[in-house]
Amino acid sequence: LSRKWFVLRSGGSALDSVEKGCARCEIEHCDGSVGYGGSPDESGETTLDAMIMNGNTMEVGAVADLRRIKNAIGVARAVMELTEHTLLVGESASVFAENMGFIAEDLTTNNSVNIFLQWLKGNCQPNYRKNVFPDPSKTCGPYKPRTILKQKGRTRQANTRSHDTIGMIALDKDGHVAAGTTTNGLTHKVPGRVGDSPIVGAGAYADSSAGAAAATGDGDVMMRFLPSYLAVELMRAGADPSAACKTAISRIKRHYSEFFGAIICANTTGHYAAACNKAPGLSQFHYMVSNSESDIPLLKTVDCF
């Protein structure tokens, strides 16, 4: 966050500050949920998702299931600025990045290997399979579909360390708004899984005429409700950031009362807020704010409801 604020304070654009801030987190493995060497999937591989949005032009660049490239947010910006597309995924996204000059590197570290090996020793628990055999709650795969008349639900794992996202919002001196996200996704996810982070309107959304928002948490649930888009549209309609954040969370809560998630919101006047759903392992949400009122980033806390 300090890197992002340095860019803004030096006269840089909101878009530059979001990219630089997210890139710093990718290097420093913020919370272990961002960047290389974390959140291995079922096959032990780390893949990255990222998105960046220009609230002035409404351009978006995003990548998902990115392999071999550490600077996911940089590739996302390249998608936005060097193609007419919005989202590139998988191996093709990695090839695109290499062709654009990004360095191919191994995203695996000793830490991610250890996480994967411990998971295998624990009979692949937790995992995110259902309605398959052998029983995914007791053993590893490979799995096959199970012929059933009625779906059998499994309790969702609310592991606060298994997934998270870095979401950043920036408002520069010219009133331009930008937002971005970067993450290595859900630990032990099914290979190919993409969460909310690179999905515009879900992981983040920005519009310089209204504000911006970014979400974090259980992306598989949250992306179904486009909470970031909803929050920005509520602010456009006159809601303050706190009310917008709470309404976006409440919309999800109505269907998934114990979902794990939070959202941050900021309007074009620089007012900001956050909201989170009170769930096992989440009673408060912490976020950082940098502005002209302080020389250092300030830690803010909001009680979940």
Side-chain angles (χ1 to χ4, degrees), residues 3 16 18-53 60-120 124 127-128 141-142 161-168 180-200 202-204 216 219-220 223:
R3 177 61 178 169
D16 288 340
V18 165
E19 182 189 0
K20 299 302 182 185
C22 286
R24 176 57 64 90
C25 259
E26 290 173 344
I27 294 170
E28 297 181 351
H29 310 284
C30 293
D31 196 36
S33 64
V34 176
Y36 68 98
S39 303
D41 63 19
E42 281 186 348
S43 62
E45 184 177 15
T46 294
T47 57
L48 308 179
D49 303 334
M51 181 195 73
I52 191 166
M53 183 168 188
V60 177
V63 289
D65 195 26
L66 183 71
R67 300 173 169 87
R68 301 190 303 279
I69 309 296
K70 291 182 178 179
N71 184 13
I73 192 71
V75 181
R77 187 165 182 177
V79 171
M80 180 176 70
E81 296 185 340
L82 304 178
T83 81
E84 295 290 343
H85 303 312
T86 292
L87 172 65
L88 296 182
V89 301
E91 179 62 21
S92 296
S94 303
V95 171
F96 165 79
E98 291 174 23
N99 289 341
M100 294 300 104
F102 289 86
I103 299 172
E105 303 175 80
D106 189 357
L107 302 186
T108 300
T109 63
N110 289 336
N111 178 59
S112 63
V113 170
N114 288 335
I115 292 173
F116 176 60
L117 293 178
Q118 289 300 314
W119 181 71
L120 290 177
C124 303
N127 62 64
Y128 299 91
R161 301 296 299 181
S162 71
H163 58 294
D164 203 357
T165 304
I166 292 298
M168 292 190 177
T181 65
T182 184
T183 184
N184 51 32
L186 188 63
T187 306
H188 314 312
K189 60 183 175 279
V190 177
R193 178 262 188 187
V194 175
D196 63 330
S197 297
I199 306 302
V200 61
T216 183
D220 289 299
M223 68 192 300

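We number each residue from 1, following the sequence as shown.
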Enquirer: Under the salt bridge (Lys or Arg N to Asp or Glu O under 4.0 Å) definition, can you give me all pairs with a residue in residues 102-117, not counting sequence neighbours?
Expert: K70-E105

Enquirer: Does a side-chain heavy-atom distance below 4.5 Å link K189 with T47?
Expert: yes

Enquirer: Do V63 and F96 come close enough that some side-chain heavy atom pair is under 4.5 Å?
Expert: no

Enquirer: In terms of heavy-atom contacts, does CG of N99 have more than 12 from other residues, nucleotides or ligands at under 6.0 Å?
Expert: yes

Enquirer: Do S94 side-chain atoms and R67 backbone N/O form a donor-acceptor pair below 3.5 Å?
Expert: yes

Enquirer: Of D65, D220, D41, which meets salt bridge (charged side-chain N to carboxylate O under 4.0 Å, His left out) against R193?
Expert: D220

Enquirer: Tell me if a side-chain donor or acceptor on N184 pairs with a main-chain N or O of G35 at a distance below 3.5 Å.
Expert: yes

Enquirer: Can you list everything that forms a salt bridge (Lys or Arg N to Asp or Glu O under 4.0 Å) with E26? Sequence neighbours excluded, please.
Expert: none

Enquirer: Looking at OG1 of T181 and CG of D49, how far apart are the two atoms once the value is rounded to the nearest 0.5 Å?
Expert: 8.0 Å

Enquirer: Side-chain contact test, heavy atoms from C-beta onward, threshold under 4.5 Å: evaluate it for L48 versus T182 and give yes or no.
Expert: no

Enquirer: Can a salt bridge be assigned to the pair R68 and E45 using a cut-off of 4.0 Å between side-chain N and carboxylate O?
Expert: no

Enquirer: Nearest heavy-atom pair of D196 and G219: which atoms, and what distance?
Expert: OD1-CA, 3.3 Å

Enquirer: Only counting residues at least two apart or in another chain, list the ones meeting side-chain contact (heavy atoms from CB on, under 4.5 Å) with V200.
Expert: M51, M53, V60, Y205

Enquirer: Drop me the distance from M100's CE to I69's CD1, to the nearest 0.5 angstrom.
Expert: 11.5 Å

Enquirer: Could you label the plane-to-plane angle of the W119 and H188 rings as parallel, tilted or perpendicular, counting under 30° as parallel and over 60° as perpendicular?
Expert: parallel

Enquirer: For the OG1 atom of T187 and the CZ atom of F116, what is their distance to the nearest 0.5 Å?
Expert: 12.5 Å

